[in-house]
Trainee: 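The structure follows.
Note that the structure is predicted; figures quoted are calculated from it, not measured.
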Amino acid sequence: DVQLQASGGGLVQAGGSLRLSCATSGFTFDYYSIGWFRQAPGKARELSSREMVSCITSSDGSTYYGDSVKGRFTTSFGNTKNTVYLQMNNLRPEDTAVYYCAVEVGSQLCGLYGMDYWGKGTLVTVSS
């Protein structure tokens with residue numbers, strides 16, 4: 001079975017940093033992407049309300065970021081590609097959200113609706 005587990009969320013003051021981890025297992029596709037998406041409090045609790053934060057591709061490690069986090073967040077593989085990190089720096093209250101990691105298998109388009117598997121989210125709260 002495909003398994004995704006996000007961890008590392010918590011409470012942090014504005015200007016602080018936090019690192020999220022996504023541990024993956026159960027798939028053997030040669031080409032895939034792993035993305036981070038977030039759902040802010042107060043937004044509709046449906047897939048369309050999730051904002052793309054970052055995405056990384058398996059073939060060459062290319063990365064993509066949402067406009068609101070460029071220059072502040074960085075995604076990367078761990079020592080193996082089974083783990084993906086999201087390093088979040090200079091956090092702002094508007095970054096408060098539930099963060100999800102997701103996997104797209106067989107392609108590397110990094111689109112919200114192309115993600116095939118989703119893990120449970122981890123809550124990040126940034127205080128002002």
Trainee: Please find the pair of heavy atoms, one from F77 and one from G61, that lie closest to each other, and give the distance.
Mentor: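 Closest approach of F77 to G61: CE1-CA, 4.4 Å.
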Trainee: Are any side-chain N or O atoms of S33 and backbone N or O atoms of T57, one a donor and one an acceptor, separated by less than 3.5 Å?
Mentor: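 Not confirmed, S33 side chain does not pair with T57 backbone.
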Trainee: Given T24 and T83, is the side-chain contact (heavy atoms from CB on, under 4.5 Å) satisfied, shown in steps?
Mentor: CA-CA 6 Å; T24 72; T83 300; over 6 Å; no
Trainee: Does S17 offer a backbone N or O that forms a donor-acceptor pair with the side chain of N89 under 3.5 Å?
Mentor: no
Trainee: With a 4.5 Å cut-off on side-chain heavy-atom distances among I, L, V, M, F, W and Y, is there a chain of contacts connecting V69 to M52?
Mentor: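 Different clusters.
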Trainee: Supply the atom-to-atom distance S127 OG to L11 CG, rounded to the nearest 0.5 angstrom.
Mentor: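 Answer for the OG-CG pair, S127 versus L11, is 5.0 Å.
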Trainee: Looking only at atom types and distance, does a side-chain atom of K120 sit under 3.5 Å from a main-chain N or O of A6, one as donor and one as acceptor?
Mentor: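 Absent.
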Trainee: Got a donor-acceptor contact below 3.5 angstrom from the T122 side chain to the S7 backbone?
Mentor: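 It does not hold such a pair.
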Trainee: Return the set of residues passing ring pair (Phe, Tyr, Trp, His ring centres under 6.0 Å) with Y99 (not counting sequence neighbours), or none when no residue passes.
Mentor: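 Applying ring pair (Phe, Tyr, Trp, His ring centres under 6.0 Å) to Y99 gives none.
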Trainee: Can you hop from Y113 to W118 via hydrophobic side chains spaced under 4.5 Å?
Mentor: yes
Trainee: Do the side chains of I56 and V84 get nearer than 4.5 Å, heavy atoms only?
Mentor: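 Side-chain contact under 4.5 Å: yes.
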Trainee: What are the two closest non-hydrogen atoms of W36 and C22, and how far apart are they?
Mentor: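 Closest pair (atom of W36, atom of C22, distance): CZ2-CB, 3.6 Å.
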Trainee: Any side-chain heavy atom of S76 within less than 4.5 Å of one from Q87?
Mentor: no
Trainee: Please list, chain by chain and in numerical order, all residues satisfying side chain to side chain donor-acceptor pair (under 3.5 Å) with R72, sequence neighbours excluded.
Mentor: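 Scan of R72 (side chain to side chain donor-acceptor pair (under 3.5 Å), adjacent residues dropped) gives D95.
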Trainee: Side-chain heavy atoms nearer than 4.5 Å, only ILVMFWY residues, links allowed to pass through others: does that put V2 and M115 together?
Mentor: no
Trainee: According to salt bridge (Lys or Arg N to Asp or Glu O under 4.0 Å), who are the partners of D1, at least two apart in sequence or on a separate chain?
Mentor: none
Trainee: Start with the C-alpha gap between L20 and M88, add the side-chain angles, then the distance that decides, and say whether side-chain contact (heavy atoms from CB on, under 4.5 Å) holds.
Mentor: CA-CA 8 Å; L20 306 184; M88 304 184 293; 3.7 Å; yes
Trainee: Is it the case that more than 12 heavy atoms not belonging to Q5 sit under 6.0 Å from its CD atom?
Mentor: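 Atom CD in Q5 is not packed in, count stays at 12 or less.
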Trainee: Test your reading of the model: is there a side-chain donor-acceptor pair from S59 to the backbone of Y31, 3.5 Å cut-off?
Mentor: no
Trainee: Let me see the working for D116 and V103 under side-chain contact (heavy atoms from CB on, under 4.5 Å), right down to the final yes or no.
Mentor: CA-CA 6 Å; D116 297 293; V103 173; over 6 Å; no
Trainee: Between E104 and S107, is there a side-chain donor-acceptor contact under 3.5 Å, judged purely by atom types and distance?
Mentor: yes
Trainee: Do R19 and Y85 form a cation-pi contact, if we require the NZ or CZ to be under 6.0 Å from the six-membered ring centre and within 45 degrees of the ring's axis?
Mentor: yes
Trainee: What's the shortest heavy-atom distance between F37 and R50, and which atoms?
Mentor: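 Closest approach of F37 to R50, heavy atoms only: CB-CB, 4.4 Å.
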Trainee: Can a donor-acceptor pair be found between the side chains of Q3 and S25 at a distance below 3.5 Å?
Mentor: no
Trainee: Minimum heavy-atom separation for C55 and T75, please, with both atom names.
Mentor: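 Heavy-atom minimum between the residues: O-CG2, 4.0 Å.
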Trainee: Sequence neighbours excluded, which residues qualify as side chain to side chain donor-acceptor pair (under 3.5 Å) partners of Q13?
Mentor: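 Once residues adjacent in sequence are excluded, Q13 has no partner under the side chain to side chain donor-acceptor pair (under 3.5 Å) criterion.
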Trainee: Closest heavy-atom contact between S62 and Y64?
Mentor: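 Looking at all heavy atoms of both residues, the shortest contact is CB-OH, 3.9 Å.
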Trainee: Going by side chain to side chain contact (heavy atoms under 4.5 Å, CB included), name the residues that satisfy it together with V98, two or more places apart in sequence or in a different chain.
Mentor: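 V98 satisfies side chain to side chain contact (heavy atoms under 4.5 Å, CB included) with Y100, L123 only.
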Trainee: Are L91 and V53 connected in the hydrophobic side-chain network, where two residues link if heavy atoms are under 4.5 Å apart?
Mentor: yes
Trainee: Fit a plane to each ring of F27 and Y32, take the angle between them on a 0 to 90° scale, and name the class: parallel (under 30°), tilted (30 to 60°) or perpendicular (over 60°).
Mentor: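 If you compare the ring of F27 with that of Y32, the planes turn out perpendicular.
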Trainee: Does the pair S54 and L86 meet the rule for a side-chain contact (heavy atoms from CB on, under 4.5 Å), with working shown?
Mentor: CA-CA 8 Å; S54 70; L86 181 68; 3.5 Å; yes
Trainee: Mind checking salt bridge (Lys or Arg N to Asp or Glu O under 4.0 Å) for E51 and listing every partner two or more places apart, or none if nothing turns up?
Mentor: R38
Trainee: Do you know the tightest heavy-atom contact between L47 and L112?
Mentor: O-CD2, 3.4 Å
